[in-house]
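Here is the structure we will look at.
Atoms within a ligand are numbered from 1 in the order they appear, just like the ligands themselves.
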Amino acid sequence: MTPGITVSDFGELPDGRMVSLFTIQSASGIEMRVTNYGGIIVSLTAPDRNGVQEDVVLGFSHLDAYLTASPYFGSIIGRCGNRIGKAEFSLDGETYHLAANTGENHLHGGITGFDKVLWNALPFSSGDDLGLVFTYTSPDGEEGYPGTLSVTVTYVLSATNQLSITYEATTDKATPVNLTHHSYFNLAGPLSDSILDHELMIPADHFTPIDSEFIPTGQIQSVQGTPMDFRSPISIGLRIDAEDQQIINGLGYDHNFVLTEQGTHLKLAARVFERQSGRIMEVTTTEPGIQFYAGNFLDGTLMGKAGRPYAHRSGFCLETQHFPDSPNQPTFPSIILRPGDVYSTRTVYSFSTNSDSR
Ligand code: BGC
């Protein structure tokens, strides 16, 4: 396939608006398909140790499934990733009530978060880099958030097997903002039913423990001696059902890790190795944290692209972010964006292989 970007129809929204599907073919052979509905990455290939390209993300073949049943597969998440407890927060002396969409809490931006809106999409190329610029204006009061938020999310696929996602936003009133990306990965390819044999490394000395509703307790706890210690590579499955209160609360891994190296430069946030294929994915980010979610809510009821149901823990998410529930946690780094400031973060997913299968 020649490198380039092509566009086709992906279907129609209930209100009649047409949805597009962009196919980006990179010079290195990686192919990514992205829709302007939710900025969703529908498929993304990566080469195995023999150069064989296979789809490494979960998703659906048709728009309808994304409209009705998607657990945020491949989407842009906003205004705030993860949960805000009791779906409310106070800012500058005012209390804001957000849409409650998981029990009495707020998850991933609410009922119609950024994963469920139609983005404006502009394809571009620059040298060997191919990409899409997504823009969306979130109106004042959307899902309960204050201020009109202008958001730009840029996807760039390079010829060196890297996917870069850059997020920018400005506002006309102070508002919390915490954008992320929600691809579910399985580096063993589309026929794999489990991610438990993937080896994961997260360079984090601490994580933010959660209560039984997945809301941070506000503590920043050491990973030392717990199943949350991923500082050396270890199989995801080894301790995922451990007798550990945090594992019990999260139904497995569903936790925010505090990266040991801090700062707004790109730094390593996670490295995943899948032994059978040899595929490696490295995540670098300007963000202070990363949510590792092991697909614990997948239960075999969603029919995937390859005509197979997505089994329990058949995909994992690595969501770079500020910490969940930040507006209610005074000890966490602030996610408040004020008029005149520019929200700007970047995350890069890099794919490579290891020829050694031992
Ligand atoms: C969260 C999970 C949630 C899932 C939704 C993840 O980012 O951490 O708790 O259930 O998204 O699919």
Side-chain angles (χ1 to χ4, degrees), residues 38-41 57-60 65-87 98-116 143 165 167 178-186 195 200 202 204 207-217 227-228 230 236 240 246-258 269-270 272 283 285 287 289-304 309-326 329 332 335 347 349:
I40 292 169
I41 296 180
V57 296
L58 275 49
F60 299 121
Y66 284 106
L67 299 183
T68 54
S70 182
Y72 305 92
F73 279 158
S75 57
I76 299 170
I77 300 289
R79 287 188 198 186
C80 287
N82 212 276
R83 291 174 179 76
I84 295 182
K86 305 272 188 273
L98 301 172
N101 58 334
T102 177
E104 51 180 16
N105 303 313
H106 176 85
L107 174 65
H108 292 332
I111 296 161
T112 310
F114 292 178
D115 59 298
K116 295 184 189 67
E143 301 297 310
I165 306 184
Y167 306 83
N178 192 8
L179 306 176
T180 190
H181 173 70
H182 211 283
S183 273
Y184 288 64
F185 297 94
N186 186 324
I195 47 106
L200 173 65
I202 301 178
F207 73 105
T208 51
I210 51 173
D211 66 16
S212 58
E213 288 188 25
F214 301 80
I215 306 295
T217 61
M228 303 294 153
F230 283 97
I236 291 173
I240 198 167
Q246 281 305 307
I247 288 283
I248 293 166
N249 288 358
L251 307 176
Y253 292 109
D254 195 348
H255 293 83
N256 172 65
F257 289 77
V258 179
V272 192
V283 184
T285 188
E287 290 278 29
I290 189 165
Q291 183 84 13
F292 169 43
Y293 167 58
N296 308 305
F297 287 110
L298 296 174
D299 60 3
T301 54
L302 297 176
M303 186 56 73
Y310 285 129
H312 188 221
R313 297 174 178 161
S314 57
F316 63 87
C317 300
L318 286 167
E319 305 154 63
T320 54
Q321 60 183 6
H322 272 57
F323 310 164
D325 197 35
S326 285
Q329 301 289 350
F332 291 178
I335 59 165
T347 295
Y349 301 86

Next item on the list: Go through the steps to decide whether L58 and L298 satisfy the test side-chain contact (heavy atoms from CB on, under 4.5 Å), and finish with yes or no.
Entry: CA-CA 11 Å; L58 275 49; L298 296 174; 3.8 Å; yes
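Close contacts of ligand 1 with P71, meaning ligand atoms under 4.0 Å from a residue heavy atom, involve 12 (O). Those atoms of ligand 1 with a heavy atom of E319 less than 4.0 angstrom away are 6 (C), 7 (O). Listed by number with element, the atoms of ligand 1 under 4.0 angstrom from any heavy atom of D254 are 1 (C), 2 (C), 8 (O), 9 (O). Near N82, with a cut-off below 4.0 Å to any heavy atom, the atoms of ligand 1 are 1 (C), 8 (O).
Remark: side-chain polar atoms of Q291 are paired, donor with acceptor, to backbone N or O of D254 under 3.5 angstrom. Between the Y72 side chain and the D115 main chain, no donor and acceptor come within less than 3.5 Å of each other. A donor-acceptor pair under 3.5 Å is formed between the side chain of Q329 and the backbone N or O of P216. Counting only distance, with no hydrogens or angles, the side chain of D325 and the backbone of I215 share no donor-acceptor pair below 3.5 Å.
Under the 6.0 Å cut-off for aromatic ring centres, Y184 and F73 qualify, their centroids lying closer than that.
Atom 3 (C) of ligand 1 has as its closest protein heavy atom R83 NH2, 3.9 Å. Shortest contact from atom 5 (C) of ligand 1 to any protein heavy atom: Y72 CD1, 3.7 Å.
Heavy-atom proximity to atom 12 (O) of ligand 1, evaluated over F292, Y184, F73, F297, is greatest for Y184.
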